[in-house]
Amino acid sequence: MKGRCVYPGSFDPPTKGHLDLIERGANLFPELIVAVLQNPAKKNAFTVEERVEMLRRACAHLPNVRVDAFGGLLVDYLRQAGAETVLRGVRTVSDFETEFQMAQINRRLSPQVETVLLPASPEEGFVSSSAVREIAHFGGDIAPFVPAEILEHIKAGLSQD
């Protein structure tokens, strides 16, 4: 595929499912921007700066991936970043419905925006940030679900809950 692509999300915390999608997106596009959403209305486990730093560490092996943060409308960020493609992952039918609706809204707001939906890999399709937070909250082992490069940071951040 051509051009610059943006993979937006909250990544709170980044998971192996996110990294799988990032790696696959990096193979599809010449440049992939992983864009961490700053949403002041949402209480996150990690700050935007922490999430950006964790993603940079987890993606260090991918030369065509950069990590950034944004707030506001995604279509405005796409314009600013010089991108017209959005990458999103889908794990379930309900994910598809949500992402399909958001793709239509983004296209209405900015007609040149295209959205590419990738189904989650079977190995990581059940992994979610909320599941990682819950497992950590109850003292479970999150190592199978998060990139090794950032495991200790995530464990330390989630142990404060």
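Since the structure is predicted, the reported quantities are computational estimates derived from the model, not experimental observations.
- Take R56 and apply the salt bridge (Lys or Arg N to Asp or Glu O under 4.0 Å) test, not counting sequence neighbours, and it matches no residue.
- In this pair, F126 and F145 present their aromatic rings perpendicular. The plane angle is above 60°, beyond the 30 to 60° band.
- Evaluation of the side-chain hydrogen bond (donor to acceptor under 3.5 Å, both in side chains) rule for E53 yields no partner, not counting sequence neighbours.
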Below 3.5 Å, can you tabulate the donor-acceptor pairs from side chains in residues 73-82 to any protein atom, sequence neighbours excluded?
| unit_1 | atom_1 | unit_2 | atom_2 | d |
| --- | --- | --- | --- | --- |
| D76 | OD1 | R79 | NH1 | 2.8 |
| Y77 | OH | D68 | OD2 | 2.7 |

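- Cluster annotation: M102 and V116 are assigned to distinct hydrophobic clusters (Ile/Leu/Val/Met/Phe/Trp/Tyr, side-chain heavy-atom contacts under 4.5 Å, transitive).
- Residue F138 belongs to no hydrophobic cluster, having no ILVMFWY side-chain heavy atom closer than 4.5 Å to its own.
- With sequence neighbours excluded, no residue satisfies side-chain hydrogen bond (donor to acceptor under 3.5 Å, both in side chains) with R57.
- Under the side-chain contact (heavy atoms from CB on, under 4.5 Å) criterion, K2 pairs with no residue at all, not counting sequence neighbours.
- Partners of S129 under the side-chain hydrogen bond (donor to acceptor under 3.5 Å, both in side chains) rule, at least two apart in sequence or in another chain, do not exist in this structure.
- Here L151 pairs with I142, A143, V146, K155 under the side-chain contact (heavy atoms from CB on, under 4.5 Å) rule; sequence neighbours left out.
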Kindly list each side-chain donor-acceptor pair under 3.5 angstrom involving residues 21-38, sequence neighbours excluded, with atom names and distances?
| unit_1 | atom_1 | unit_2 | atom_2 | d |
| --- | --- | --- | --- | --- |
| E23 | OE2 | H61 | NE2 | 2.9 |
| R24 | NH1 | D20 | OD2 | 3.2 |
| R24 | NH1 | P119 | O | 3.0 |
| R24 | NH1 | S121 | OG | 3.4 |
| R24 | NH2 | P119 | O | 3.0 |
| N27 | ND2 | E23 | O | 3.4 |
| E31 | OE1 | R4 | NE | 2.7 |
| E31 | OE1 | R4 | NH2 | 3.0 |
| E31 | OE2 | R66 | NE | 3.2 |

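- Ring planes of Y7 and H18: tilted class, angle from 30 to 60°.
- Residues forming a side-chain contact (heavy atoms from CB on, under 4.5 Å) with Q112 (at least two apart in sequence, or on another chain): E84, S110.
- Residues satisfying the side-chain hydrogen bond (donor to acceptor under 3.5 Å, both in side chains) criterion with E149, sequence neighbours excluded, are absent altogether.
- Every residue meeting the side-chain contact (heavy atoms from CB on, under 4.5 Å) condition with F100, not counting sequence neighbours, appears here in chain and number order: F96, Q104.
- With salt bridges taken as basic N to acidic carboxylate O contacts below 4.0 Å, none links E124 and K16.
- In this structure, R107 pairs ionically with E114, as a charged nitrogen and a carboxylate oxygen lie closer than 4.0 Å.
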